[in-house]
2 protein chains.
Amino acid sequence: MKKFEEKTIRSKPIFNGKIITVQVDEVELPDGKRSKREIVHHPGAVALIALTEENKIVMVEQYRKPLERSLLEIPAGKLETGEEPAVTAERELEEETGYQAGKLEYITSFYTSPGFANEIIHIYLANQLSKIKNPAKTDEDEFVELTELTLEEAVDCMKNKRICDAKTVYALQYLQLLERK
Amino acid sequence: MKKFEEKTIRSKPIFNGKIITVQVDEVELPDGKRSKREIVHHPGAVALIALTEENKIVMVEQYRKPLERSLLEIPAGKLETGEEPAVTAERELEEETGYQAGKLEYITSFYTSPGFANEIIHIYLANQLSKIKNPAKTDEDEFVELTELTLEEAVDCMKNKRICDAKTVYALQYLQLLERK
């Protein structure tokens, strides 16, 4: 998968943040010409399709500063350095929802925005949920509110745009496809 | 949708690129404490589920520098300033594939990565495709190769990870759901 490879001539660091780093690469194009690519590095993330005994979907509402609004999303979180995605998944499920999963199954991974960012999201299906007595807390600058929705209610939220991010839309389509199998 | 709103105390510009801009906002959290948010602004994009007369999906392969590999994706492109998404959709379809659509239908929009970026993708369904005699060219630093796949072939590409970006995975799920209606 190296078709039309763009070789790096030089790479200019722009920003080294807590979550993202930004660089501009000067590249040699397949025709020998040069161009620039603005690139955001992100550690990657996991997201969970977590289903309760009553087959409800566990969702979190949180404020998303880049959009200046809150969204209803499936639970998710960034990978720590060197952390296995399955471990991140268990940790984020506990921190964001207070649940642990009796069964955790890897579904798929996808890049969110390959034109400018390398962020990848690994999706897990979490079943056989039980409440943890003293769950670890979320990061102290994270405020989330838990909701549990039927698939039908969640699809309504997608229609009225309370749900409108890629991983959550993926999750709802995944569950709709399961239902229609 | 302002739950847990984070008020901006100050905003520090970091980078003003051709495609993205980056800033760090100092915010006041709901509990009165302060934190920082790293934010990438992106103009937004459209993507097209374009179906040929033979019901094949029009796909483009291109190199994605942030990933250092090529991906097979549905055609897509960034919004120009002030441009209506439907106009961008027609333009990108012509430039990337040489097709025009007899029928262009808006499906939905979603944010790709709301934790750090405001990028939104508007998805269109393009039908009744016909080849344009002298189509406008893609940007001169864009190299794409056209492929047309059945849904089954595309799903295989998803399994072997030639397809693994959010908008294209969305498109394939959308078509699978249509089939099972």
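Predicted, not measured: the structure shown is a model, and the values here were computed from it. Lettering of chains follows the sequences in order, A, B, ..., and the numbering in each one begins at 1.
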The interface call for A:Asp25 against chain B, heavy-atom contacts under 4.5 Å, is side chain
Give, as side chain, backbone, both or neither, the part of A:Glu119 having an atom under 4.5 angstrom from any heavy atom of chain B. side chain
Could you go step by step and tell me if B:Glu26 and B:Arg10 meet the salt bridge (charged side-chain N to carboxylate O under 4.0 Å, His left out) rule? CA-CA 5 Å; B:Glu26 188 179 343; B:Arg10 65 180 63 81; 2.5 Å; yes
Taking all non-hydrogen atoms of both residues, which atom of A:Pro66 and which atom of B:Asn118 are closest, and how far apart? O-CB, 3.4 Å
Quick one: are B:Ile163 and B:Met59 in side-chain contact, heavy atoms under 4.5 Å? yes
On the six-membered ring of A:Tyr63, is B:Lys3 placed so that its NZ or CZ lies under 6.0 angstrom from the centre and within 45° of the ring axis? no
Checking heavy atoms, do the side chain of B:Arg37, its backbone, both or neither come under 4.5 Å from chain A? side chain
Top contributor to chain A interface from B:Phe15, B:Phe116, B:Phe143 [non-hydrogen pairs under 4.5 Å]: B:Phe143
Search all heavy atoms of B:Asp165 against all heavy atoms of B:Leu71 and return the closest pair with its distance. CB-CD1, 4.1 Å
Between chain A and each of B:Pro114, B:Ala45, B:Ser35, count heavy-atom pairs under 4.5 Å; write down the option with the most. B:Pro114
Using a 4.5 angstrom heavy-atom cutoff, name the option from A:Lys167, A:Glu140, A:His42, A:His41 with the most pairs to chain B. A:His42
Report yes if the side chains of A:Tyr99 and A:Glu94 come closer than 4.5 Å at any heavy-atom pair, otherwise no. no
Quick check on A:Val144 against chain B: is it the side chain, the backbone, both or neither that has a heavy atom closer than 4.5 Å? backbone
Which of A:Gln176, A:Gln62, A:Glu5 touches chain B most, by non-hydrogen pairs under 4.5 Å: A:Glu5
Would you please go through residues 78-85 of chain B and name the residues with a non-hydrogen atom below 4.5 Å from one of chain A, in numerical order? none
Give, as side chain, backbone, both or neither, the part of A:Arg162 having an atom under 4.5 angstrom from any heavy atom of chain B. both
Run the ring-centre check on B:Phe110 versus B:Tyr170 and record whether the distance is less than 6.0 Å. yes
Let me know if A:Glu68 has heavy atoms under 4.5 Å from chain B in its side chain, its backbone, both or neither. both
Between A:Glu38 and B:Ile20, the two heavy atoms sitting closest are OE1-N, 3.0 Å
Selection from B:Thr108, B:Leu177, B:Ile120, B:Thr112 maximising heavy-atom pairs under 4.5 Å formed with chain A: B:Leu177
Please confirm whether the backbone N or O of A:Ala76 pairs with a side-chain atom of A:Glu96, one donor and one acceptor, at under 3.5 Å? yes
Evaluate A:Thr168 against A:Glu73 for side-chain hydrogen bond (donor to acceptor under 3.5 Å, both in side chains), listing each step before the verdict. CA-CA 6 Å; A:Thr168 308; A:Glu73 300 172 42; 5.2 Å; no
Could you check whether atom NZ of B:Lys161 has more than 12 heavy atoms from other residues, nucleotides or ligands sitting under 6.0 Å from it? yes
